[in-house]
Each structure stands twice: as structure tokens, then as C-alpha cells.
Amino acid sequence: DAKTTQPNSMESNEEEPVHLPCNHSTISGTDYIHWYRQLPSQGPEYVIHGLTSNVNNRMASLAIAEDRKSSTLILHRATLRDAAVYYCILRRAGGGADGLTFGKGTHLIIQP
Amino acid sequence: SAVISQKPSRDICQRGTSLTIQCQVDSQVTMMFWYRQQPGQSLTLIATANQGSEATYESGFVIDKFPISRPNLTFSTLTVSNMSPEDSSIYLCSGGFAGAASLTMNTEAFFGQGTRLTVV
């Protein structure tokens, strides 16, 4: 499976935007970029996913580089509840039948 | 979407015993999976729970240690057998819908809250 690389941790202030980077230089043409987050003492939850174009939903935005070798998850206005581990995961087209391969993720710390 | 419930939420068990974890989904998901999250670590896929047939295990996990059942589309169990302290982890159930991972189709995975197991 293609691998992703994320910073171990990042820190941001409450009510400010947060940009979480992910490198995936060996991504294949059929890999989708998924983001999940795991709040303390909870199971992971889906955040967003995309293929080539930037994507927005109620939780976040996903900016994908033109060469698709990197992407950035954007939280537009972080709150204390956004403190979590964020995982960037590549998932092949039609990969719903496969389990997810989690890397170490980025531990996001939000300062009040 | 799907809501996943796991029981028990936590347990403390004696070494050498077995624990069965139950996973109930509120909709008929196509796929169900079991993960392990060791303390301070990320999630590792244990196996895919197949309806009405033997589970498909990932490298490093075997049926004798982690027997899995899935009698229907909404229920699965994971048993941790002959436990040792090294089995102390959080065990998570996940469900989802197979299909083309397009932007217009629901391909997100749903997770339970996990079962925190401590073996003493």
C-alpha cells in the first residue's frame, strides 16, 4: 500500500485555522485520500476524502496538490473539541471491501 | 450512515481466560472489520469479518487466538483467547459499505467506541 507521512504533532490556538499536512509521494492514480480523526477515548471518525479536486464539507476542507503527492486538511476555525489524532489514509478505488491502514497520525493540540 | 455499538466497553480479565466482544450495527453494512489499538499506538487491522464464513486474518493474527463470528450483516463477535498481559489493548469494531470509492458514494468507515481490555 502507498504510504503517508504526517508530522507527529501540531499545536494551534482556538478559533484559528489549522492546516494539517500529509505527504503521499507514492500515491497511485486510483488512490483516494481519506482523513479520519480519533478523539480521546473514542473510535476514529470519518472527516473527509477526495481524489483530485479540493473538497469541502461541514467538518473541514481538503486541499490536494496538483501532482497529488501531498494534501492538506484544513480546519477553518479550530475549537477545543478538535483536539484529536488526525490520520491521513490512502484508499484504492473500490476499496470499501478493505480495512484501513492507519499510520501514526498527527496529534493536534488546541490551546485555549 | 451506521452506528456501531460494542459490548463490553471495558473489562479486566485474568490471564489464561478468554473474552468475547460483541459488535452490533444499526444498519446492514456490507463489511465489518476488527482492529486492535495497543497503548499509545495507532490502529492495526486484525481481520475482516465475513458473513457466514471464516474471517480473513491479517498477517500476524490467527484464528485460534482471535476467533471471529459474523452470523448476519449487523452483528459480529471477536474473542480474545487464552489472554496474556500483552493482549491489553483497545479492540475496535468497524463497519462500512463496499463499492467504488467515489465522491458520490458512501465509502466511509464507521467505528465503535472500542473495548478497553486489561489483562492481569
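Heavy atoms only: backbone and side chains are in, while hydrogens, waters and symmetry mates are out. We name chains A, B, ... by the order of the sequence lines, and we start the count at 1 in each one.
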**OP:** Could you give me the CA-CA distance, side-chain angles and deciding distance for Glu108(B) and Tyr36(A), then say whether side chain to side chain contact (heavy atoms under 4.5 Å, CB included) is met?
**Re:** CA-CA 9 Å; Glu108(B) 66 183 275; Tyr36(A) 283 76; 4.1 Å; yes

Subject >> Other residues, nucleotides, ligands: >12 heavy atoms within 6.0 Å of Glu16(A) CD >> reply: yes

Original post:
Do other residues, nucleotides or ligands put more than 12 heavy atoms under 6.0 Å from the CD1 atom of Ile109(A)?
Top reply: yes

Original post:
Are any side-chain N or O atoms of Tyr87(A) and backbone N or O atoms of Ser42(B), one a donor and one an acceptor, separated by less than 3.5 Å?
Top reply: no

**OP:** Count the heavy atoms belonging to other residues, nucleotides or ligands that lie under 6.0 Å from CG of Asn8(A), then report whether that count exceeds 12.
**Re:** no

Original post:
Between Gln37(B) and chain A, which part of the residue has a heavy atom less than 4.5 Å away: side chain, backbone, both or neither?
Top reply: side chain

**OP:** Can you establish whether the number of heavy atoms outside Arg116(B) located under 6.0 Å from its atom CZ is more than 12?
**Re:** no

**OP:** Without swapping roles, check the side chain of Tyr35(B) against the backbone of Leu100(A) for a donor-acceptor pair under 3.5 Å.
**Re:** yes

Original post:
Say you draw a straight line from OH of Tyr46(A) to CZ of Phe110(B); how long is it, rounded to the nearest 0.5 Å?
Top reply: 9.5 Å

Subject >> Residue pair Pro44(A) / Leu92(B): nearest heavy atoms and the distance that separates them >> reply: CD-CD2, 3.9 Å

Original post:
Transitively linked via ILVMFWY side-chain contacts under 4.5 Å: Ile21(B) with Ile4(B)?
Top reply: no

